[in-house]
Amino acid sequence: MVYEIYPRSFADGDGDGVGDLAGVRSRLPYLRDLGIDAVWFTPWYASPMADGGYDVEDYRRIHPAFGDLAQAEAFIAEALALGIRTIVDIVPNHVSSRHPWFRRALAAGPGSPERERFWFRGGATPPTNWVSNFQGGTWTRTADADGTPGEWYLHLFAPEQPDLNWEHPDVRREHEDVLRFWFDRGVAGVRIDSAALLVKDPALPEVPDAPLPGRHPNTDRDGVHEIYRSWRALADGYRGTRILIGEVWMPDADRFAAYLRPDELHTAFNFDFMSREWRADQLRESIATMLAAHAPVGAPSTWVLSNHDVTRPVTRYGRADTAFAFATKRFGTPTDRELGTRRARAAALLVAALPGSLYIYQGDELGLPEVEDLPSGAREDPMHFRSGGVDPGRDGCRVPLPWTGDEPPYGFSSTSATWLPQPADWGGLTAERQAADPGSMLSLYRRAIRLRRSFESAPFAWIDAPDDVLAFARGDGLVCLANVAGRPVALPRGAELLLASSELVDDALPSDSTAWVRPAPAETPHR
Ligand code: NOJ
């Protein structure tokens, strides 16, 4: 069970309104009580923060707003003493435009060896019409020393994030060195950002309408696997846990599973489930497809309801369209918060019952909604700006957490001038308030996480159920029922209720709810 920490927004130890390592350390007891096994930090490195830290200037230095290396090392050790491992984020596809390599490349000019670590090309027009993941084009034109227009450089994300050329031996060597740097400091693994994008077709063709598997010019090219094989060999060279987790957005389940072959990544995020609508057939199909895709490669599946890039589940599940897609995010999409919360609770219990690893994004355990009414001047996300303001971006799921009290900053910081403003009505959602309430989202998460340990390695099997109910067993000790039917359903006869996301009504499980039950012991035939 891995808990994702977005350090800017977790807890602020020094009162500047930005979360930091001192803040996370002060909240270690909270993480221990939650019962998770590991924390994953989104980038905590020196960065101009053009993309929330995914624009890294120095992979070996902690961002001064977060602390320093000594604090990171102290955190890793202290967390481990509580049984919590630390996973860091590695961003290999691109660097910050302020990274020394890129600055040197700009200074050295066209044709220089410094430029070969990136994708620089000449010409009067951009070399391709590829579309950036943040919208707009993927090429930005530099200016030569005399101010005349110079070469173009590639960035699959923002212009402040130039893509590295993974054909270059320096790029490979440097990243292996960065892995060693963090593994040597005791981190238990790395989350690999944009893991499928590293390798590009050097001929730079346009993206075909329907690229055949492996033929897209900048995504999921076969050459990427060799990189991860070498990283796996490096990780395996360590004693103790060193795991590789890929951020792989991939509609094709088999291409996805290829990253998880025994000599490549240990796991990768399953984004399929969280992109699906809250409908029994959709959820069942996603679970079945994912389990089937993982089986042949022998890797555990992962279950992810959200992260720092996507709309909070409480908000998403209360909308008419409960699916998630970056392309469809719009301001002013109505949501029913009560229904969304109810479904988010049900979804949390559903995924927590599935086999594999579970990822929890900070604040989902508090049932925080997406903050949709941030003042436009407060927004920072390039996704918002590069869409011309059409896409609200991702700031709404990155608002600082509420810990205590009735008004901002809710114990997050000693200043209410937090880097993103917190809503005035989060007093009921604080960790303190929820810890004292057995019916809260936090209490549900805590109990689910504790109970899950008892069936963690028990085999999964579907159970016959109506089409609009998901039912499966984990060994003999647990049956999970997720009711998406729009009407109450009966629990299995003689079963003992262990945990439910909503109160039972007349002994039946209401709609949009999940229950964990211990089945009645199988009857022993009389002789
Ligand atoms: C995926 C990260 O999760 C996201 O936050 C970031 O913007 C992109 N990769 C680019 O690094």
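First listed ligand is number 1; within each ligand, the first listed atom is number 1. Residue numbers start at 1 and run along the sequence shown.
If you take CD on E365 and CG on L305, they are separated by 12.0 Å, rounding to the nearest 0.5 Å. Note that the CH2 atom of W278 and the OH atom of Y317 stand 6.0 Å from one another [nearest 0.5 Å].
For M383, no heavy-atom contact with ligand 1 is shorter than 4.0 Å. Heavy atoms of R191 found under 4.0 angstrom from ligand 1 belong exclusively to the side chain. No part of H155 comes within 4.0 Å of ligand 1, judged by heavy-atom distances. The residue F269 has no part lying near ligand 1, judged by heavy-atom distances below 4.0 Å.
In this structure, D263 does not pair ionically with R232, as no charged nitrogen and carboxylate oxygen lie closer than 4.0 Å. Salt bridge annotation for R173-D177: absent, with no cationic side-chain nitrogen under 4.0 angstrom from a carboxylate oxygen. A salt bridge links K200 to D163: one of the charged nitrogens lies within less than 4.0 Å of a carboxylate oxygen. Contact check on R386 versus D381 returns no salt bridge, with no Lys/Arg side-chain nitrogen under 4.0 Å from an Asp/Glu carboxylate oxygen.
When hydrogens are left out, the protein atom nearest atom 11 (O) of ligand 1 is D193 OD2, 2.7 Å; that is the closest non-hydrogen contact. Looking only at heavy atoms of the protein, atom 6 (C) of ligand 1 is closest to D51 OD2, 3.3 Å. Atom 3 (O) of ligand 1 has as its closest protein heavy atom D309 OD2, 2.5 Å. Protein heavy atom closest to atom 8 (C) of ligand 1, with residue, atom name and distance, is F157 CE2, 3.7 Å.
The closest approach between any non-hydrogen atom of S194 and ligand 1 is below 4.0 Å. Assignment of E4 to the shell around ligand 1 is not supported, since no heavy atom sits closer than 4.0 Å.
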| R172/E226 under salt bridge (Lys or Arg N to Asp or Glu O under 4.0 Å): CA gap, chis, key distance, verdict | CA-CA 11 Å; R172 291 179 183 241; E226 182 215 320; 3.2 Å; yes

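Relative orientation of the Y228 and Y259 rings is tilted, given thresholds of 30° and 60° on the angle between their planes.
Side chain of D364 to main chain of G367: no donor-acceptor pair is present (N/O by atom type, distance under 3.5 Å, no hydrogens or angles).
Residue contact check: R398 has heavy atoms under 4.0 Å from atoms 5 (O) of ligand 1. Close approach of ligand 1 to R394 (heavy-atom distance below 4.0 Å) involves ligand atoms 4 (C), 5 (O), 6 (C), 7 (O). The contact set between ligand 1 and H94, taken as ligand atoms under 4.0 Å from a residue heavy atom, comprises 10 (C), 11 (O). Ligand-side atoms of ligand 1 in range of E247: 1 (C), 3 (O), 9 (N), range being under 4.0 angstrom from any heavy atom.
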